[in-house]
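Just so you know, these numbers use all the heavy atoms, side chains as well, and skip hydrogens, waters and symmetry mates.
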Number of protein chains: 2
Amino acid sequence: MAAAVVVVIFTVRDGQLSVLLIERAAAPCRGQWALPGGHLLKDETLDGAAIRKLANETGITDVFLEQLYTFDRLGDGHADVVVTYFALVDLMRTRLRSDLEWRPAWHSVRTLQPLAFNNERVLDYASGRLRSKLQYTNVAYSLLPSRFTLTQMQRVYEAIMGEPVDKRNFRRRVVGLGIVRETGTTLKQGASRPAMLYEFTRHEPMTL
Amino acid sequence: MAAAVVVVIFTVRDGQLSVLLIERAAAPCRGQWALPGGHLLKDETLDGAAIRKLANETGITDVFLEQLYTFDRLGDGHADVVVTYFALVDLMRTRLRSDLEWRPAWHSVRTLQPLAFNNERVLDYASGRLRSKLQYTNVAYSLLPSRFTLTQMQRVYEAIMGEPVDKRNFRRRVVGLGIVRETGTTLKQGASRPAMLYEFTRHEPMTL
DNA sequence: CCAAAAGTGTTCTGACTACACCCATGC
DNA sequence: GCATGGGTGTAGTCAGAACACTTTTGG
């Protein structure tokens with residue numbers, strides 16, 4: 001009986017908001033999918049454990065990662081309280097573990113089977129928080145490569161909000177309010193034509 | 001070593017945002033002031049423990065009470081993680097415990113001596129969250145009696161925000177956006193003259 | 001030639017800001 | 001009569017929403 005940490009890791013994968021789940025290879029809930037998590041190591045902080053879990057599963061460290069909520073009664077008899085975190089990663093930077101057992105995989109949050117340990121509660125809470133944070137912060141910086149076109153960025157917003165966005169209004173907002181800036185360079189491989197590339201003016205979490 | 005719960009209980013007391021503190025009567029940190037808190041009882045939920053603590057200290061139960069953040073390393077050797085909550089109460093409804101030992105008392109958050117267990121960190125975090133929640137929710141319902149004048153309500157907003165507010169703009173906003181409604185009745189004892197009384201349209205936490 | 005993505009302006013509306021004076025009552 | 005608190009209107013600014021077409025390139 002001790003505190004456990006669970007991390008909700010989001011990415012956007014061809015237009016779908018997706019979450020990293022792990023197939024349980026042991027009881028309880030063997031064979032079901034669950035959020036990555038576990039107990040704190042000796043002398044480890046909560047943030048430290050979350051960072052470690054994220055790095056283990058995706059190989060990434062320098063991304064948006066924030067405490068979400070602390071649950072009890074999540075159905076795992078081993079933990080009395082579960083401190084949850086959520087993280088946002090750019091799919092292109094991740095290298096998932098490829099173990100056959102405890103296999104991690106991305107799942108669209110739209111089409112989701114029931115999860116182990118009431119993890120749906122955690123996931124719903126995280127999705128809501130992500131949507132509301134997207135409205136007034138620059139958190140999306142962590143879901144995109146360092147340079148990107150505004151259309152890419154708009155796709156990310158649409159995937160999270162679940163509805164289409166007006167292109168011109170979107171551009172005005174993010175450029176006009178200084179969330180992103182042009183990054184001079186204008187070539188991109190495989191695109192339908194040359195395009196302006198942008199970068200976030202800040203690469204840290206920021207409340208606008 | 002187990003989870004503990006701490007509750008930041010705010011009120012507004014003659015124009016000052018104030019917090020309920022308890023004078024510690026035993027080591028560690030004997031004689032210093034600390035936020036009310038303690039360990040979970042057997043089979044108690046986190047929310048349950050927070051409700052119990054709030055009721056113990058103030059006698060109130062049906063108010064705004066929400067989980068805030070989970071800290072570690074707060075300096076109390078007894079708890080590995082501390083799950084904090086914050087609550088908003090109407091001073092008029094509270095009846096503080098009057099024990100001589102472990103005495104509870106209201107302290108303005110402006111003029112505050114150092115607290116036990118790094119409780120300043122918790123209090124700063126709670127103050128910030130309160131300010132930001134006040135912008136886009138009706139949380140103030142819990143700081144006022146069920147019927148009140150708009151001037152009373154404005155005083156509460158000013159105490160929390162720490163700056164004066166334009167009276168006419170304030171009225172337009174809260175009435176126009178349907179946060180409060182007139183409650184017909186127009187008499188009030190001890191007031192300088194008859195006045196319109198208002199009530200919140202909803203008495204539950206609500207995101208606008 | 002067709003599909004896919006980049007780029008671009010105007011108009012309307014609703015919300016927020018700033019700002020100053022009168023009235024009734026209790027003391 | 002004065003201090004306290006209740007009550008009221010206007011004009012300016014800014015952000016957000018709605019709205020459609022052209023260009024280029026790759027396949």
Side-chain angles (χ1 to χ4, degrees), chain A residues 12 14-16 92 131-132 134-138 140 144-145 147-199 201 207-208, chain B residues 12 14-15 92 131-132 134-138 140 144-145 147-159 161-199 201 207-208:
Chain A
V12 174
D14 43 53
Q16 298 277 304
M92 293 294 86
R131 269 193 299 278
S132 62
L134 196 65
Q135 317 263 1
Y136 59 96
T137 66
N138 70 340
L144 285 161
R147 301 158 87 217
F148 50 86
T149 66
L150 287 190
T151 305
Q152 284 180 294
M153 183 176 174
Q154 186 177 337
R155 297 274 172 279
V156 166
Y157 272 66
E158 289 171 332
I160 294 171
M161 290 305 164
E163 58 188 12
V165 167
D166 181 86
K167 192 198 292 203
R168 287 164 293 183
N169 293 337
F170 181 76
R171 283 161 184 256
R172 245 198 315 276
R173 220 180 41 240
V174 298
V175 179
L177 302 190
I179 299 168
V180 297
R181 88 167 79 89
E182 297 186 355
T183 182
T185 330
T186 28
L187 274 181
K188 176 144 175 291
Q189 199 53 272
S192 71
R193 70 167 197 165
M196 179 63 73
L197 291 180
Y198 291 83
E199 63 186 358
T201 53
T207 299
L208 299 180
Chain B
V12 174
D14 42 54
M92 294 293 86
R131 268 193 299 278
S132 64
L134 196 65
Q135 318 263 2
Y136 59 97
T137 66
N138 70 339
L144 285 162
R147 300 158 85 219
F148 49 87
T149 65
L150 288 191
T151 305
Q152 285 180 295
M153 183 175 173
Q154 186 178 336
R155 296 276 172 278
V156 166
Y157 272 67
E158 289 171 333
M161 290 305 165
E163 58 187 14
V165 166
D166 181 86
K167 192 199 290 202
R168 287 164 293 186
N169 295 336
F170 182 75
R171 283 160 185 256
R172 247 199 312 277
R173 221 183 35 243
V174 299
V175 179
L177 302 189
I179 298 168
V180 298
R181 87 168 80 91
E182 298 186 355
T183 182
T185 330
T186 27
L187 275 181
K188 177 141 174 295
Q189 199 54 273
S192 71
R193 71 166 197 165
M196 179 62 73
L197 291 180
Y198 292 82
E199 63 186 358
T201 53
T207 299
L208 300 180

Under 4.5 Å between any side-chain heavy atoms of [X] and [Y], yes or no?
{"X": "Thr149(A)", "Y": "Leu197(A)", "result": "yes"}
{"X": "Val180(B)", "Y": "Leu150(B)", "result": "yes"}
{"X": "Arg155(A)", "Y": "Val12(A)", "result": "no"}

Roughly how many Å is it from [atom1] in [X] to [atom2] in [N], rounded to a whole number?
{"X": "Met196(B)", "N": "dA24(C)", "atom1": "CE", "atom2": "C1'", "answer": "16 Å"}
{"X": "Gln154(A)", "N": "dG7(C)", "atom1": "CD", "atom2": "P", "answer": "12 Å"}
{"X": "Met153(A)", "N": "dA5(C)", "atom1": "CE", "atom2": "C1'", "answer": "17 Å"}
{"X": "Asp14(B)", "N": "dG5(D)", "atom1": "CG", "atom2": "P", "answer": "12 Å"}
{"X": "Phe170(A)", "N": "dA5(C)", "atom1": "CZ", "atom2": "P", "answer": "15 Å"}
{"X": "Arg171(A)", "N": "dG16(D)", "atom1": "CZ", "atom2": "C1'", "answer": "17 Å"}

ask   = If every non-hydrogen atom of Thr201(A) is compared with every non-hydrogen atom of Gly178(A), which pair is closest and at what distance?
value = OG1-O, 2.9 Å
remark   = Closest heavy-atom pair, Gly15(A) versus Ala159(A), reported as atoms and distance to 0.1 Å, is O-CB, 3.4 Å
Protein and nucleotides 10-13 of chain D: nitrogen or oxygen contacts under 3.5 angstrom:
unit_1	atom_1	unit_2	atom_2	d
dT10(D)	O4	Arg172(B)	NH1	3.3
dT10(D)	O4	Arg172(B)	NH2	3.2

Distance, nearest 0.5 Å, that separates [atom1] of [X] from [atom2] of [Y]:
{"X": "Lys167(A)", "Y": "Glu158(A)", "atom1": "NZ", "atom2": "CD", "answer": "10.0 Å"}
{"X": "Leu144(A)", "Y": "Met153(A)", "atom1": "CG", "atom2": "CE", "answer": "7.0 Å"}
{"X": "Gln154(A)", "Y": "Arg171(A)", "atom1": "CD", "atom2": "CZ", "answer": "7.0 Å"}

note = The ring pair (Phe, Tyr, Trp, His ring centres under 6.0 Å) partners of Tyr198(A) (sequence neighbours excluded) come to none
remark   = Expected list for residues 159-168 of chain A near DNA chain C, using heavy atoms below 4.0 Å, is Lys167(A), Arg168(A)
inquiry  = Please compare Leu150(A) and Leu177(B) by the position of their nearest nucleotide in DNA chain C and report the one closer to 5'.
reply    = Leu150(A)
query = How would you label the contact of Arg173(B) with the nucleic acid (heavy atoms, under 4.0 Å): base, sugar-phosphate, or nothing?
reply = sugar-phosphate
